[in-house]
Protein chains: 2
Amino acid sequence: MIDKKNMKILKILQEKARIPNAEVSRQVGLAPSAVLERIRKMENQGIIDGYEVRLNPERFSRKQVAFIEIMPQPDAHIPDLGEKLAAIADILEVHYTAGNDGFLLKVRTTDTETLGEMLQKKITTIDEVLSTRTITVLSTIKETSRITID
Amino acid sequence: MIDKKNMKILKILQEKARIPNAEVSRQVGLAPSAVLERIRKMENQGIIDGYEVRLNPERFSRKQVAFIEIMPQPDAHIPDLGEKLAAIADILEVHYTAGNDGFLLKVRTTDTETLGEMLQKKITTIDEVLSTRTITVLSTIKETSRITID
DNA sequence: CCTGAAATATTGCCAGA
DNA sequence: TCTGGCAATATTTCAGG
């Protein structure tokens, strides 16, 4: 299902998702209709999940990246807590982690001040939250959601 | 520069980047040429950084997410180490963090076994790496790169 | 910064291999 | 699953407000 031609199509779309189908077909050497058929099929099969625009965080005052480890209360209902965290604005990722049975969040805020506000007003006020540990990012060398295509 | 109409355009593209321009123009109530002009301008100004396809990691054997904290050797050249880490396949993010003066990595591997291989063969073998701490993800409640548009 | 018109290009459907 | 044809749409440029 994910043969060489589909891999080639996906690699092209990973670079530049918003290009005409006809352009893709030229690069892979198939008729446009064949490429369209393949892409539609991959969308329906859930291989392709969607298409996103990549915005420059600086231009939207979301320069500050931080990761927050959440230690839940011993009696906390984990799925509930996960949902509550996921619903907070500027929390981009919520992962349930092994080891300490806690959550790891990725957040994007304007600066460390707004990060602090978020912690105090939105996170530590949740009942199920016992404590937190914040890892502030000083600089980002690499940041992509592009997975490796074998 | 990022006025109400551009915000509306960006919100549409955040949902579904690969849609015809004419469709966007219908939704925002402008002529297609006006929308094209606005999008091109935002691309040139670096407000829009690009367009990406979102692939289903499970279909490419990249289901296992993990975060790895790297403690560098005291005498390590930090920029060099950052570049080395960023070059490794399946490392999606490399952040330089405050506090412990280390790196935080986000990785995607097939399973915990391949994660272990990566640590042993590719990461701990780097001279500048003193020690590591791995946070394995059991489940992901939310994972997006979509920043909040004010 | 917008509209509207015109030329060019793409999409998406279908028949046939 | 592919190609090629064709009608419907979309893109892009440009003149003008």
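Throughout, protein chains are lettered first and strands after them, A, B, ... in sequence-line order, and every chain is numbered starting at 1. Only heavy atoms go into these numbers, but all of them, side chains included; no hydrogens, no water, no symmetry mates.
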How close or far is atom C1' of dT9(D) from atom CD1 of I19(B), stated in whole angstroms?
-> 14 Å
Closest-nucleotide ordering on DNA chain D, the 5'-leading residue of K5(A) and E23(B) = K5(A)
Check the distance between dG4(D)'s P and L30(A)'s CG and give it to me in whole angstrom.
-> 11 Å
Euclidean distance, atom CG of residue N21(A) to atom P of dT11(D) [Å, nearest integer] = 13 Å
4.5 Å side-chain heavy-atom contact, M118(A) and T109(A) = yes
Please name the pair of heavy atoms, one in R59(B) and one in Q45(A), separated by the smallest distance, quoted to 0.1 Å.
-> NH1-O, 2.5 Å
Where chain B begins and ends its contact with DNA chain C, read 5' to 3' at 4.0 Å from heavy atoms | dC1(C) to dG4(C)
Donor + acceptor pair across side chains of T140(B), E93(A) (<3.5 Å) = no
A22(B), nearest nucleotide to its side chain (from dT13(D), dT3(D), dA10(D)) | dA10(D)
Length of the line joining I39(B):CD1 and dT13(D):P, which is rounded to integer Å | 14 Å
Provide, to the nearest angstrom, the distance between the CZ atom belonging to R18(B) and the P atom belonging to dT11(D).
-> 11 Å
Which sits closer to the 5' end of DNA chain C, S33(B) or P32(A), going by the nucleotide each is nearest to?
-> S33(B)
Roughly how far, to the nearest 0.5 Å, is the CZ atom of R40(B) from the CG atom of N21(B)?
-> 7.5 Å
Validation row, ring centre F67(B) to ring centre F67(A) under 6.0 Å = yes
ILVMFWY network linking V53(B) to L13(B), side-chain heavy atoms under 4.5 angstrom = no
